[in-house]
Amino acid sequence: MSLLLAAPILIPLTAAVLCVLAWRHRTLQRGISIAGAAGLLASAVALFQQVSASGPVASQMGNWPAPFGITLVADTLACIMLLINGFLAVCIVLFSLGGIGQRREAGGYHALVHGMLAAVSGAFVTGDIFNLYVWFEVMLMASFVLMTLGGQRGQLEGATKYVTLSLISSMLFLSGVGVLYAVTGTLNMADLAVKFAAVENSALAVSLGLLFFVSFGIKAAVFPMFFWLPASYQTPPPVIAALFAGLLSKVGIYAIIRTFTLIFSHEPQMVYTIMLAVSGLTMVIGVFGAAVQTEIRRILAFHSVSQIGYMLMGLAVTGAAVADGLPGGSVAAGASASASTSAVNAAIPEFAVMALAGTVLFLVHHAIVKTNLFLVGGIVLKLRGTTVLARLGDLYLTRPWLAVLFMVTAMSLAGVPVATGFWAKLVLVRAGLAGGEWIIVAAALGTGVLTLYSMTKIWSEAFWKVTPDAADLAAAGQHPTDEAIDAADIGPRGVPIMMTVVAVMAVATVALGVLAGPCYRVAERAARELLEPQAYIRAVLGPTAGRPASASEPAPAAASAGGVPSQR
Amino acid sequence: MLLAITVGVLFTAAVYLLLRRSLLKLVLGLVLIGHAANLLIFSSVGVRRGRPPLIDEGQTALAAPYTDPLPPALILTAIVIGFAVTAFAIVLLRRAYQEIGSDDLDDMRATEQ
Amino acid sequence: MIIRSVILQSATRLLVPLLVLLSVAALLRGHNAPGGGFVGGLIAAAAVVLQAYSCGSPSARRLLVLDPRTYLGIGLLVAIISGLWAPLLHGQPVFTGVWGTFAVPAVGELKIGTPVTFDIGVYLTVLGVVASMALELLED
């Protein structure tokens, strides 16, 4: 069990190390990289089966007992995230065989990707809030270097913004962890769920909750804090942007979901009103930003922001519903500390579960679809050496299959039926209607229409229209050459494998849409586990958890004993 | 009390530096905000004099009044991470400075439009 | 960048071996006393940086023998193996400390365990990271 939980971290980490040792051997690095990604996917599948069969599982690192050592824990949501991580890892690594370019591959690309994958897995399975901070930092370090790999001017500028905002958000997170420890005397998230519910000072609870919301919100790029994302995601090669769009912002959203269902589960209504407003504004502003852009990667980057709003919407609707059901918002929702499980269950309306399940579905949907769109952008860049819409054209004529795959994925993003996007949005909208949140539902539907507009813009400009000839372009003014690809790498070599990956992901979004029933049941199970975290807490703290006796114990010195890796 | 004021001053100074346009001040701001967060953790559980969390010879458990050893352990981790991140930030901003030829953040316009 | 100073160069010849010894001492006493892999690695990296400043970075690379990145890789590998030792051989959770005592000729009994090997891994990793960053900056 312990190995199975640690495998999603250790496999990519080992792959990263082996890639560093095989620094000068490109073929060897590629082999290690593919094997590592496949191993990550396999371990995620194994863990998912285990958790499906037996409920949340936990393991104490270094055999230090639960609230003191670092716990690894996986529930259904964590397993779903790990599956996404593994699937994207395999796709990205295979795609980059053709799409990254020699110079960047020699700069340690494979080692960095696997370092990042390991950290992302770590963030998903850790049960300790400080350990979450450590994984965030490891992930950021890897992503910083990936973003600047190649060292072009645009990359450096984008990275400057990204690094600054990320570090500020990390410091807010760290400060929050410090205050949380001062208030509760523990860092284990399951233990926090028990002890934080007992905190009397509601003003402190609200301000701490919002501090974490702001910190994770910067990482997830929600409304007022999203400016770094379009500035930085457009600069690196599309395959790296695809990895970031698919995974990095998901980690921020995952952290918001995890902390707000486990620790800050009894926030007053006001917090969720803020969250709803933020999610609506994120959707609308993001999609408007995309509407005025004329370059594929910028359009996609702004859409990433917009889609984050949907994920937040589900959580906000759920939270608002749960807070509604509780008199004055003072009793722990879904929580842990209360002994009467049945009474708590009665307080959670069905649409609250549905909204959270919608968020989970949307996470999966967006990870696949947005990654795939960036990868299509990567193929376009590889073929033509630019992704500026004005300079493109004729792709439907020359690459009909690419056009078909783009269309399928783009329609899925916009929420056209059958593919995953439709079901995810349907569930969210129905939950929103049931919850009476009319404004946010209107925003979600309007955003869907505008998304469709942006996608048809890419379609008609890049795929349909006739490529403008050189004279027209010269008349229209000079565009700088794209920095994300070296001139030597432009050309059709390596495109078949890239096309295969894009095709697999396009099939995945349709297939998951066709299998909407089973997918929804898994998402619903994840949502129920989140809203009734007793199983999670029992898995971490043992069967007696949640009794007041264990909650009043002071933190003894064992907490800092040696041999725990994060302390180095 | 003194610690609380220091934390406040550090945060203030960090925010001020971060809001300046100079790259150099940006780095200094990032360093200071890290120190502020670390000191916040340090002061979060209270500071006691002369109570190291060490188990005496022949004992198996700590005697009652001791300083909580966890915050220093957290800070140690945070410092190590901060060290790596700061080193990267300095290299990055130095490269950006060479590439752009200006210390002014307002000259970074390649990614806006 | 090289600081051409006879005094510094002569001092370096003396100081580098001392620093390396000190770093190993810090590493080994670190289990129960102040010190440890991180500090040890930093001290060793300081020796490399000192060598690079006084005699140039090629000479610092000769001092390291292997590429700094190799230290990083080997160090992480050692750390991962120490973490996997307990689950693979003893069926305990990842990173559980496993200790063993070996008789070493001429030294006596040597008590060694996975926390020590983990620390050695940290030492090598820190040395590799800091040395490679410093050397790259110097050569830039």
Side-chain angles (χ1 to χ4, degrees), chain A residues 68 130-131 133-134 136-138 140-141 144-145 147-148 151-161 163-164 166-168 170-183 185-187 227 230-232 234-235 293-295 298 480 483 554-557 559-561 564 566-568, chain B residues 7 11 14-15 18 23 26-27 29-46 53-55 61-62 64 66-78 80-82 84-86 88-89 91-93 95-100 105 107-113:
Chain A
F68 313 125
F130 189 78
N131 198 229
Y133 163 77
V134 173
F136 261 124
E137 292 298 294
V138 177
L140 288 179
M141 275 309 282
F144 291 165
V145 186
M147 186 166 277
T148 49
Q152 303 293 328
R153 175 173 174 157
Q155 285 185 296
L156 294 172
E157 288 189 14
T160 304
K161 292 161 193 173
V163 167
T164 309
S166 300
L167 289 185
I168 292 172
S170 295
M171 288 311 139
L172 291 178
F173 184 14
L174 193 59
S175 310
V177 169
V179 179
L180 203 55
Y181 183 73
V183 174
T186 183
L187 292 171
F227 295 99
S232 58
Q234 53 168 305
T235 58
Q293 294 298 328
T294 55
E295 200 257 9
R298 283 188 197 170
E483 293 174 333
S560 78
V564 185
S566 84
Q567 290 179 5
R568 293 291 182 261
Chain B
V7 171
F11 266 118
V15 170
L18 286 172
L23 277 175
L26 185 70
V27 177
L30 290 176
V31 172
L32 276 193
I33 203 171
H35 291 333
N38 288 339
L39 211 54
L40 177 68
I41 297 181
F42 188 62
S43 61
S44 66
V45 286
L54 296 175
I55 300 171
L62 276 174
Y66 58 85
T67 305
D68 190 343
L70 191 64
L74 301 186
I75 294 170
L76 216 58
T77 314
V80 169
I81 295 173
V85 171
T86 309
F88 178 81
V91 174
L92 170 71
L93 296 184
R95 287 277 295 121
Y97 169 70
Q98 287 171 341
E99 197 74 28
I100 295 156
L105 281 166
D107 289 338
M108 292 198 170
R109 299 226 169 266
T111 57
E112 317 285 337
Q113 264 161 43

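Remember, predicted model here, so these are calculated numbers, not experimental data. Quick note: numbers below take in every heavy atom, side chains included, and nothing from hydrogens, waters or symmetry partners. Every chain is numbered from 1 and lettered A, B, ... according to where its sequence line falls, protein lines coming before strand lines.
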Enquirer: Which answer fits Thr164(A), side chain, backbone, both or neither, if we ask what part of it has an atom under 4.5 Å from a heavy atom of chain B?
Expert: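 Answer is both: backbone and side chain atoms of Thr164(A) are under 4.5 Å from chain B.
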Enquirer: What part of Leu39(B) gets closer than 4.5 Å to chain A, counting heavy atoms only: side chain, backbone, both or neither?
Expert: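 For Leu39(B), no heavy atom lies under 4.5 Å from chain A.
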Enquirer: Going by the side-chain contact (heavy atoms from CB on, under 4.5 Å) test, name the single residue among Leu74(B), Thr77(B), Asn38(B) that passes it with Leu174(A).
Expert: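 Result for side-chain contact (heavy atoms from CB on, under 4.5 Å) with Leu174(A): Asn38(B).
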Enquirer: Heavy-atom distance under 4.5 Å to chain A: side chain of Ile75(B), backbone, both or neither?
Expert: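 Nothing of Ile75(B), per the 4.5 Å heavy-atom cut-off to chain A.
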Enquirer: At their closest point, which heavy atom of Ala37(B) faces which heavy atom of Ser175(A), and how far apart are they?
Expert: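 Heavy atoms of Ala37(B) and Ser175(A) come nearest at CB-OG, 3.7 Å.
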Enquirer: Please rank Gly82(B), Ala78(B), Ala89(B) by heavy-atom pairs under 4.5 Å with chain A and give me the top one.
Expert: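 The answer is Ala78(B).
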Enquirer: Please report the interatomic distance OG1(Thr160(A)) to CG(Leu92(B)), rounded to the nearest 0.5 Å.
Expert: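 Thr160(A) atom OG1 to Leu92(B) atom CG measures 4.5 Å (nearest 0.5 Å).
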Enquirer: Measure distances from Val183(A) to the heavy atoms of chain B and classify the residue's part below 4.5 Å as side chain, backbone, both or neither.
Expert: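 Looking at Val183(A), nothing touches chain B.
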Enquirer: Hey, does Val85(B) have a side-chain heavy atom less than 4.5 Å from the side chain of Leu140(A)?
Expert: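 SC-SC contact between Leu140(A) and Val85(B) ruled out.
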Enquirer: Looking at side-chain heavy atoms only, is the closest gap between Ile33(B) and Leu167(A) below 4.5 Å?
Expert: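 Of all side-chain heavy-atom pairs linking Leu167(A) with Ile33(B), none is under 4.5 Å.
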Enquirer: Using heavy-atom distances under 4.5 Å, tell me whether Met171(A) contacts chain B through its side chain, its backbone, both, or neither.
Expert: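 Both parts, backbone and side chain.
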Enquirer: Could you look at Phe11(B) and say if it's the side chain, the backbone, both or neither that has a heavy atom under 4.5 Å from chain A?
Expert: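 Side chain of Phe11(B) only, per the 4.5 Å heavy-atom cut-off to chain A.
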Enquirer: Can you tell me which portion of Phe173(A) sits under 4.5 Å from chain B's heavy atoms? Options are side chain, backbone, both or neither.
Expert: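 No part of it gets close to chain B.
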Enquirer: Decide yes or no for Ile41(B) and Tyr181(A): does some side-chain heavy atom of the first lie under 4.5 Å from some side-chain heavy atom of the second?
Expert: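 A side-chain contact under 4.5 Å is absent here.
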